[in-house]
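Here the structure is laid out as C-alpha cells; the discussion comes afterwards.
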Amino acid sequence: MNLFNNSTNQLLHSALNASMTRQNTISNNIANVDTPSYKAKKTVFSHELKSAMNKPDFDAHRTDSRHLSFREAGSSGVEIQKRTNTAYNHNGNNVDIDLEMTEMAKNQIYYNTLIDRMNGRFNSIQTVIGQGR
C-alpha cells in the first residue's frame with residue numbers, strides 16, 4: 001500500500017498543474033489586453049478524456065502492430081488554444097477583460113477545492129500515522 005504515490009494523489013497533482021497552467025494563460029491574456037493584434041488563449045483540460053481512455057473497456061481494436069494505440073495519445077493532459085469565440089477590438093485584439101476575470105475566479109475556486117482535497121488526504125495520513133491522536 002502506497003500512501004503518497006497512489007493514483008488519487010497523482011490525479012490531484014496533475015489537476016493542480018493544469019490549474020496552474022490555466023492561471024498563467026489567463027494572466028498572459030490580462031497582461032496583453034491592450035496589445036494590438038494579440039489573440040487571447042485558453043487552456044483546455046483533456047484529463048477527462050485521458051481518464052476515460054485508461055479504463056480497461058476502452059481500447060481500440062488493432063489489426064496491425066504499427067497502428068497507434070489509444071493509450072499512447074496525449075502526455076500532459078493540458079492544451080493551450082487560441083480563443084476564437086470573442087469579438088475583436090479595433091486594434092485586432094480579442095481579449096475580453098470581463099471574461100478573463102470570470103475565468104480567473106472560476107480557476108481560483110477550482111484550485112482551492114483541489115488544495116482542500118489534497119490537505120484532507122494528508123490529514124488522513126497524519127491521523128493514521130499518529131494512531132488517531
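Throughout, residue positions are numbered sequentially from 1 according to the sequence presented.
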Quick one, [X] and [Y] - any side-chain contact, counting heavy atoms below 4.5 Å?
| X | Y | value |
| --- | --- | --- |
| Y111 | L114 | no |
| N9 | M118 | yes |
| M101 | I30 | yes |
| K41 | N28 | no |

Does N24 have any side-chain contact (heavy atoms from CB on, under 4.5 Å) partners at least two apart in sequence or in another chain, and if so, which?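 Expected list: M20.
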side-chain hydrogen bond (donor to acceptor under 3.5 Å, both in side chains) partners for N107, two or more places apart: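 For N107, the residues satisfying side-chain hydrogen bond (donor to acceptor under 3.5 Å, both in side chains) (neighbours in sequence not counted) are S19, Q23.
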Exercise: identify the closest heavy-atom pair between M104 and S27: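 Heavy atoms of M104 and S27 come nearest at CE-OG, 4.1 Å.
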Testing the basics here: between A40 and V95, what is the closest heavy-atom pair and its distance to 0.1 Å?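 What the structure gives for the nearest pair is CB-CG2, 4.0 Å.
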Side chains of Y38 and N91: donor-acceptor distance under 3.5 Å anywhere?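 No, N91 and Y38 have no side-chain donor paired with an acceptor closer than 3.5 Å.
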Between T25 and T43, is any side-chain donor less than 3.5 angstrom from a side-chain acceptor?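 Yes, T43 and T25 have a side-chain donor paired with an acceptor closer than 3.5 Å.
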Would you kindly confirm whether [X] and [Y] end up in one hydrophobic cluster when ILVMFWY residues are joined by side chain heavy atoms under 4.5 Å apart?
| X | Y | answer |
| --- | --- | --- |
| I26 | V44 | no |
| L12 | I115 | yes |
| L99 | I97 | no |

Report, as yes or no, whether the 6.0 Å neighbourhood of atom CG on D34 holds more than 12 heavy atoms from other residues, nucleotides or ligands.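 Check fails, neighbour count at 12 or below.
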Strictly by salt bridge (charged side-chain N to carboxylate O under 4.0 Å, His left out), give each pair with a member in residues 84-108 just once, sequence neighbours left out.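 Qualifying pairs, neighbours excluded: R83-E100, E103-K106.
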Quick check against the 3.5 Å criterion: does N93 have a side-chain atom that pairs as donor or acceptor with the backbone of V33?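 Confirmed, N93 side chain pairs with V33 backbone.
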NZ/K82 to NZ/K42 distance, rounded to the nearest 0.5 angstrom?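 Atom-to-atom, K82:NZ and K42:NZ are 13.5 Å apart.
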